[in-house]
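Taking it in order: structure first as structure tokens, then the write-up.
These numbers were taken from a predicted model, which means no experiment stands behind them. Only this structure's heavy atoms are used, side chains among them; waters, hydrogens and symmetry mates stay out. Letters A, B, ... are given to chains in the order of the sequence lines, protein chains preceding strands, and every chain is numbered from 1.
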Amino acid sequence: MNVLSRMLPGIVIALAGGFLVVEAMPYREASEQMHLADFGRIPVVDGGRVKPIDTLARTSLLMISNRQTLSEDGRSIAPVQWLLDVMTSQLSDRSPADKFRVFRIENIEVLNMLGLERRYGFRYAIEEFGTADKMARLQERAEEAQKRDPKERDVVDANVIELAQRLQLYIDLARWQNLLIVPPAKPDEEWKSMRSALVEEKSKGGEDRAFRSIANIILAYTKGETSVFNDRVAEYHHELEQRVPDLEATTSFEAFFNHFAPFYQCSLLYVAVFMLVCGGWLTGMPALNRSAFWLALLTFAVHTWALGARMYIQGRPPVTNLYSSAIFIGWGCVLFGLVLERMFPTGVGNAITAMTGSLSLVVAHHLASSGDTLQMMQAVLDTNFWLATHVVCVNLGYTATFVAGFLGILYIFRGLLTRSLDRGALKSLGQMMYGVVCFALFFSFTGTVLGGIWADQSWGRFWGWDPKENGALLIVLSNALILHARWGGMVKQRGMAVLAVAGNMVTGWSYFGTNQLGVGLHAYGFNNTLAIGLTVFWATQLLIIALGLVPVRFWRSASAMQAPRPMRPSSPVAAGKPEFAPVAT
Amino acid sequence: VIEEAAMTKIAVGSPARPDQLPVEERARQAKPRAFLATWLAPLASLRLTVVLFLFAIALVFFGTLAQVDEGIWTVLSKYFRAGIAWIPLQVLVRFGQVFLGVSPTAHLSGSFPFPGGWLTGGLLLANLLAAHLVRFKLSWKRSGILLIHAGLVVMMLSELVTGLFAVEGRMTIEQKGSSNFTEDFHSVELAVVDRSDPKMDDVTVVPGTLLRRRGRISDPALPFDLQTVRYMSNSAPSRAPEALSANVATAGDGLSQVMTERREAGGADTDQALDLPSAYVTLFEKGSDRSLGTYLVSLWWSALEDRPQHVKVGDKTYDVCLRFQRRYKPYTIELLEFRHEKYLGTDTPRNFSSRVRLVDPERHEDRQVLIYMNNPMRHAGETFYQSSFLPGDTGTVLQVVRNPGWLMPYLACIMVSVGMLFHFGLHLTRFLLTRPAQ
């Protein structure tokens, strides 16, 4: 038992490390298959930046079908293969692109309009609804909806517009519209589309080798000539290395990043951390909590690396849109959790790490459906200095407020449902909440004011009372309220826990809610499902607040909370150890 | 010292000593330190602070919701720069519509009073000052708190200064053209121009606020009297048959085009649209009731280019147009080049920039400046920001702001941040040092 408990953290880390290595292992097709992964590393310009075709394939598929994977007859198809099929669908009759069930159509009225049956997964192939008359009807209906004031559009309007946009994207891909794929031959030239490269070759004469190579690759693909395809792709990469050496490195890195999907792996590992923490609390085995801490640390390292990788690819500070803010807030919450665990090794910090880490990554995953998460910034936002200061500070403020809220939730549940909330736990949770709220106030205040200064720099108005600014102000005010209520003796630990949960609601409002009202420069994410998600979130927080207000005599920890001295160590996890002992032994 | 008191209590966990009791307790126990203190004690209470925070939170929340229906400037003056805000019940319906699935057509009339921004902010300021007067004590431990609160006072005052004295305008300059005035997009004026003198134009303006009041306007400088028939804060051209048949215009361009009322642009709108007011005004011969006709004047005909209407009074012809209120400057700005860069292969703007030449004879200045996003030009107490551009990149629109308090937030930010770092840092180190002793 003793040996096992001493070795357990090591075993957990080894397992998790092995899992990560397997996931990160570059995927290679057998030599007799088409080297699609190599093709995926070819650079293109899309949405204003150079990216590997692999990214284009994944984001396009995500925008059309709401997910990044595709399977047909139980066989999974790589996004890049799907894209190749779409891109060759106008060149070859053999392309199966129109048969893939990728278009997600949920609305029953839209389905009826296209004469489709409702089916599990809501995904349909173009050949099922792509007849000329149905397309014309869809087009007409979409134009009608587009003309309507956005505030007066109903669900059908929204769905029709969405479907029309997805179809447009598909058609653009099939026609190679706006696809700048031919790299500049000399540094001062621009990227070209296949068409303009062809036109240029005809008018100016000479031979653009990149253009020829791509054409040959596509030709080999349509003919199904595996070895020719592989040779051409390898040749083209060789040529790219000489033509644009730096580019080849970054696009390859991004393709690897896509393949590894570090944030997805992290969310799995955070769930594992959570299970270890729960196991620790249920069994009272300190080794489980120690393992949870080390696993959390490993996962945090991957999370940090992934955050850094995004910064490297984009050349920007970590937060540039709603998706990246979710990832960053998750990262900050995990950091807070780890620090708290180090200061109070009771499992509370680990629980925060696990819950916030996995939840934030799940939220981020759902925010990614609008396409490329590394898109370019609008002109006014194109400043690394303010993105790095204002945006990072504000997001750290959100982070700390959420952490305080989760501590409040833990406090309420532990007190109400278990007997473990004794004087010691009470005190340490109170200290944690207090400290975290102080952090929250500092970052939210500084971040908000820095935002004001940015606004003053860019359009001469320090404070405009716009919805997002007001949201940030609400966070500052609510944190200040908590601290002043505590200082004035109006609330004790329980009151602070309840207020901190209310702080979750305020943060939810300013993070997602203000975007729902409509718009402005800050409204980088308008999304109806978010409104529903937020309502559900508020309902749960209200419920928890109500539970927190249940008189203490009904709490299961009532007697432990009122005991004059700590009866036993604050947590089973820390049994037999002084509270301040370092976690690592 | 109440902040430390609460903190030590948590950190050390020892039974509370009298000097660690909450402030209200202590105020009751302690002998009145001064006559002033006894009077100020209720105003200095932390309970009041917390209650005011609650009110402030509610006000900001309502003021945000109100922006679904009303323009940001309307909300600003009704909620945040007001003593009492009358909050329509409809804002709650709006919240329900977005988040709770309330029917989009639901409507609640009526409103309720609520402490507005001036009142809540003023009380918070009074509460803060009173607290420091009553409990003032200079010590290292308290210096962080003092600095934070002093910074907050600066911040609140800066919002006051901005609210009272800041002036915003826009300067539109066409490519290779120049300008010596700014326009205020939030107020309009009716300009009557006499162009008979070849050397200079004689301009008389009637402020939009007067037009709104609908009374008869008569002034020696005006060649006619006038009365507003209808004023629309935001308008749009209409071809609807019912609008055409109800046309009240009897002369000028209003005979062929009709404007109808339109909802004011909201602060939460996507397009950040401008309000374009229009008005139907009847002109009278000076001092008589003989009508010269009812004219339609509209920003639609002057927002981008001047398209005045000609009114003949006696043997003289005047140009009449409704335009954004202008402020003339002692300097001229010439647009040398406007650039609108886009990201490769997209329509997403990457940068806007204006290379301008500033000529100010009064200050003997003549220089070239490049104004671009996040990089304004400062001159003579005014700041020029790249704000927008004319359709087809044919010119630039600069935001021109004069705000005497623009430096105050910078100062406040530094004070509060340093104060918090010091105060919380002090507690954190003390907490970490005392912990192993438990």
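Of the listed residues (A/Gly48, A/Gly471, A/Cys438), the one with the most heavy-atom contacts under 4.5 Å to chain B is A/Cys438. Of the listed residues B/Lys342, B/Met420, B/Glu159, the one with more heavy-atom pairs under 4.5 angstrom with chain A than any other is B/Met420. Comparing B/Phe80, B/Trp406, B/Phe95 by how many heavy-atom pairs each has under 4.5 Å with chain A, the most go to B/Phe80. No other option in B/Val50, B/Leu398, B/Thr49 has as many heavy-atom pairs under 4.5 Å with chain A as B/Val50. Of the listed residues (A/Leu179, A/Leu450, A/Asp456, A/Leu180), the one with the most heavy-atom contacts under 4.5 Å to chain B is A/Asp456.
Considering A/Val506, A/Leu499, A/Leu441 as possible partners of A/Asn479, the one that fulfils the side-chain contact (heavy atoms from CB on, under 4.5 Å) test is A/Leu441.
Residues A/Trp465 and A/Leu473 come closest through the heavy atom pair CZ3-CD2, 3.9 Å.
Both the backbone and the side chain of A/Leu481 come within contact range of chain B, judged by heavy atoms closer than 4.5 Å. Looking at A/Phe442, both its backbone and its side chain come within 4.5 Å of chain B, counting heavy atoms on both sides. B/Arg170 does not touch chain A: none of its heavy atoms, backbone or side chain, sits under 4.5 Å away. No part of A/Ile482 comes within reach of chain B, as not one of its non-hydrogen atoms sits under 4.5 angstrom from that chain. Contacts of A/Leu534 with chain B are made by side-chain atoms alone, with heavy-atom separations under 4.5 Å and no backbone atom involved.
Between the side chain of A/Ser428 and the backbone N or O of A/Ala425, at least one donor-acceptor pair lies under 3.5 Å. When atom types are taken as modelled, the side chain of B/His423 and the backbone of B/Gly419 share no donor-acceptor pair closer than 3.5 angstrom. Judged purely by atom type and a 3.5 angstrom limit, A/Glu469 uses its side chain to pair as donor or acceptor with the backbone of A/Asp466.
Few gaps surround CZ on B/Phe422; more than 12 heavy atoms of other groups in view lie less than 6.0 Å from it.
Using a cut-off of 4.0 Å between Lys/Arg side-chain N and Asp/Glu carboxylate O, A/Glu190 and A/Lys192 are scored as not salt-bridged.
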